[in-house]
Protein chains: 2
Amino acid sequence: MTQTTPRTSPQIAPSVGFDRHDHSHCIADAVQAAEDLCAAQKLNFTPARRRVLEILLERHRAMGAYDILEILAAEGLGAQPPVAYRALDFLTSHGLAHRIERMNAYTACAHPGEDHVPAFLICRLCKAVAEAETGLEGGRLGDAARATGFVIEKVVVEAEGLCPTCAEAEA
Amino acid sequence: MTQTTPRTSPQIAPSVGFDRHDHSHCIADAVQAAEDLCAAQKLNFTPARRRVLEILLERHRAMGAYDILEILAAEGLGAQPPVAYRALDFLTSHGLAHRIERMNAYTACAHPGEDHVPAFLICRLCKAVAEAETGLEGGRLGDAARATGFVIEKVVVEAEGLCPTCAEAEA
DNA sequence: TTATGGGTTGATATAGTATAACAGTATCTG
DNA sequence: CAGATACTGTTATACTATATCAACCCATAA
């Protein structure tokens, strides 16, 4: 069985930030930043981990673990699910990538090393994803938690809607 | 094969609101509210849909689709995944239940018919879930979206942490 | 040097979550 | 009655994720 199913993208997603920019060296920058971060924290930035981060940066969109795995397999870096999941676990647990819960997908972090509360804007048509900031949800969520005695450790914020391009096309 | 796997709950989850209350008639109230809402909108509140809502209300916790299915099957209401997923689709799309993305789980809505932006407080130990309010994320997320031209249609907010009970036990 | 241990990788198997597709049934309505 | 619509029953399959165990690498200490 040759697996020809189209696993992703009804339409092709544009860039993550909804803006065009010179993408060529922002990959290199991000990889360098990851490298520095790993060196500083004595983390093992192995080829598989590095390559997965590169893939996320290159595609610059949210990708499923199996999309990534397909690429890794084509490059001879491993063909079994754990290969992808292990690398993604590493990247997400060290703040180099994020998991988008709504999509079961992963994306490179736009602000590695900054210890932030990311919020994602997800286009329901083209699946493009932008990473924004929420400022720690200090507001009503924090109040609600405090009122009940709940201790917040991590917050996920994901908004679904239409990116500028698709919103225009829709109109 | 008799399927004895324990699919859920390392520990048993207490109530959703992290507070004790007379739960006996809040189920009846909620079902009645759902009934009214469906009548008003000419929706078909079928036995399966009603029963799934009741199950969510009775257990008063986030449940996986297969947990629900197990109960439906035991009651002779259907044993195939679509049975549960169809009912859950109906309930979630009409605001009677919510999906908790982080957990691949579902929970009855605490404020049906109010068109709100729910925020969930999820205990990572006992898996209890409380539904709070965010007030539409008017803040930084809205700003970010407006700045980029993104049109928000739906927002998911999920916080993971420790509920009062588990936080205390932890200390 | 060898032993030990921690962390990583390779590989197989399986678990858990969700949907496609199609046939059947009920109900409404023209 | 015919046709449309919506729901249910059922089979099959797709997609997402993890458990497990063996092998390997390499740093460090006996």
Side-chain angles (χ1 to χ4, degrees), chain A residues 1-10 38-39 41-53 62-73 75-94 96-107 127, chain B residues 1-10 38-39 41-53 62-73 75-94 96-107 127:
Chain A
M1 230 189 276
T2 39
Q3 184 61 273
T4 46
T5 343
R7 264 209 201 74
T8 44
S9 55
C38 288
Q41 299 183 30
K42 296 203 189 307
L43 299 173
N44 207 344
F45 198 43
T46 66
R49 292 167 179 178
R50 179 195 190 99
R51 187 66 194 117
V52 169
L53 179 59
M63 302 180 72
Y66 282 76
D67 296 328
I68 294 167
L69 181 59
E70 215 169 278
I71 297 171
L72 291 176
E75 296 176 355
L77 283 170
Q80 293 72 36
V83 172
Y85 284 104
R86 285 166 178 162
L88 288 168
D89 283 352
F90 174 86
L91 295 173
T92 53
S93 66
H94 293 100
L96 296 169
H98 297 294
R99 174 181 162 82
I100 315 260
E101 302 290 343
R102 265 188 85 77
M103 305 176 73
N104 297 325
Y106 304 82
T107 189
K127 308 300 178 198
Chain B
M1 230 189 279
T2 40
Q3 183 60 275
T4 48
T5 343
R7 263 210 202 74
T8 43
S9 56
C38 288
Q41 300 184 30
K42 297 204 188 307
L43 300 174
N44 205 344
F45 198 43
T46 66
R49 291 167 179 180
R50 180 197 190 96
R51 188 66 193 115
V52 170
L53 179 60
M63 300 180 72
Y66 282 77
D67 296 328
I68 294 167
L69 181 59
E70 213 168 282
I71 297 172
L72 291 176
E75 296 176 356
L77 284 168
Q80 292 71 36
V83 172
Y85 283 104
R86 283 166 180 165
L88 288 168
D89 282 352
F90 174 86
L91 295 173
T92 54
S93 66
H94 293 99
L96 296 168
H98 297 294
R99 175 181 161 82
I100 315 254
E101 303 289 344
R102 262 188 88 75
M103 304 176 75
N104 297 326
Y106 304 82
T107 190
K127 308 301 180 197

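Computed from heavy atoms alone, side chains included, the values below leave out hydrogens, waters and symmetry copies.
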**Student:** Specify the separation, in whole Å, of atom CG of B:Leu72 and atom P of D:dT10.
**Tutor:**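 Between P of D:dT10 and CG of B:Leu72: 14 Å.
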**Student:** Between protein and nucleotides 5-10 of chain C, map the contacts as a letter string: B base, S sugar-phosphate only, - none, heavy atoms under 4.0 Å, written 5' to 3'.
**Tutor:** ---SBB
**Student:** With nearest nucleotides of DNA chain D determined for B:Ala79 and A:Ala65 from heavy-atom distances, which residue corresponds to the more 5′ nucleotide?
**Tutor:**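 Checking each residue's closest nucleotide, the 5'-ward one belongs to B:Ala79.
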**Student:** In whole Å, I'd like the distance from the CD1 atom of B:Ile68 to the P atom of C:dT17.
**Tutor:**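 Distance check: B:Ile68 CD1 to C:dT17 P gives 11 Å.
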**Student:** Could you list the residues that satisfy salt bridge (Lys or Arg N to Asp or Glu O under 4.0 Å) with A:Arg49, not counting sequence neighbours?
**Tutor:**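 None.
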**Student:** To the nearest Å, give me how far apart CZ (A:Arg99) and P (D:dC15) are.
**Tutor:**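 One finds 16 Å between P of D:dC15 and CZ of A:Arg99, rounded.
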**Student:** Taking only residues two or more places apart in sequence or in another chain, which ones pass ring pair (Phe, Tyr, Trp, His ring centres under 6.0 Å) with A:Phe90?
**Tutor:**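 Ring pair (Phe, Tyr, Trp, His ring centres under 6.0 Å) list for A:Phe90, sorted by chain: A:His94.
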**Student:** In whole angstrom, what separates A:Leu69's CG from D:dT16's C1'?
**Tutor:**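 Interatomic distance, CG of A:Leu69 to C1' of D:dT16: 12 Å.
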**Student:** For B:Glu101 and C:dA18, what is the distance between atoms CD and C1' respectively, to the nearest whole Å?
**Tutor:**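 After rounding, the reported distance stands at 13 Å.
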**Student:** Mind checking what makes salt bridge (Lys or Arg N to Asp or Glu O under 4.0 Å) contact with A:Arg51, not counting sequence neighbours?
**Tutor:**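 A:Arg51: salt bridge (Lys or Arg N to Asp or Glu O under 4.0 Å) contacts with A:Glu54, A:Glu58, A:Glu75.
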**Student:** For A:Tyr106, report the nucleic acid contact type (base, sugar-phosphate, nothing); a contact means any heavy atom under 4.0 Å.
**Tutor:**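 Sugar-phosphate, no base atom in range.
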**Student:** Can you tell me the distance, in whole Å, between the CD atom of A:Glu70 and the P atom of D:dC15?
**Tutor:**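 The answer, rounded to whole Å, is 10 Å.
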**Student:** On a plain distance test, is the side chain of A:Tyr66 in donor-acceptor contact with the base of D:dA14 below 3.5 Å?
**Tutor:**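 Under the 3.5 Å cut-off, the side chain and the base do not form any donor-acceptor pair.
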**Student:** Taking donor-acceptor contacts at under 3.5 Å, does the side chain of B:Tyr85 reach the base of C:dA20?
**Tutor:**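 No.
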**Student:** So, using side-chain hydrogen bond (donor to acceptor under 3.5 Å, both in side chains) as the criterion, who are the partners of B:His98 when residues are at least two apart?
**Tutor:**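 side-chain hydrogen bond (donor to acceptor under 3.5 Å, both in side chains) check on B:His98 returns B:His116, B:Glu131.
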**Student:** Among D:dA17, C:dT17, C:dT19, which nucleotide has an atom closest to any side-chain atom of B:Pro82?
**Tutor:**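 Out of D:dA17, C:dT17, C:dT19, the nucleotide with an atom closest to B:Pro82's side chain is C:dT19.
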**Student:** What pairs with B:Arg86 under side chain to side chain contact (heavy atoms under 4.5 Å, CB included), at least two apart in sequence or on another chain?
**Tutor:**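 By the side chain to side chain contact (heavy atoms under 4.5 Å, CB included) rule, B:Arg86 matches B:Pro82.
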**Student:** In this structure, which one of B:Asn104, B:Thr92, B:Asp89 forms a side-chain hydrogen bond (donor to acceptor under 3.5 Å, both in side chains) with B:Arg99?
**Tutor:**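 Answer to the side-chain hydrogen bond (donor to acceptor under 3.5 Å, both in side chains) test with B:Arg99 among B:Asn104, B:Thr92, B:Asp89: B:Asn104.
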**Student:** Measure CG/B:Asp67 against P/C:dA18 and give the value in whole Å, please.
**Tutor:**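 Taking CG of B:Asp67 and P of C:dA18, I get 11 Å after rounding.
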**Student:** How close or far is atom P of C:dT19 from atom CG of B:Asn104, stated in whole angstroms?
**Tutor:**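 Result: 10 Å.
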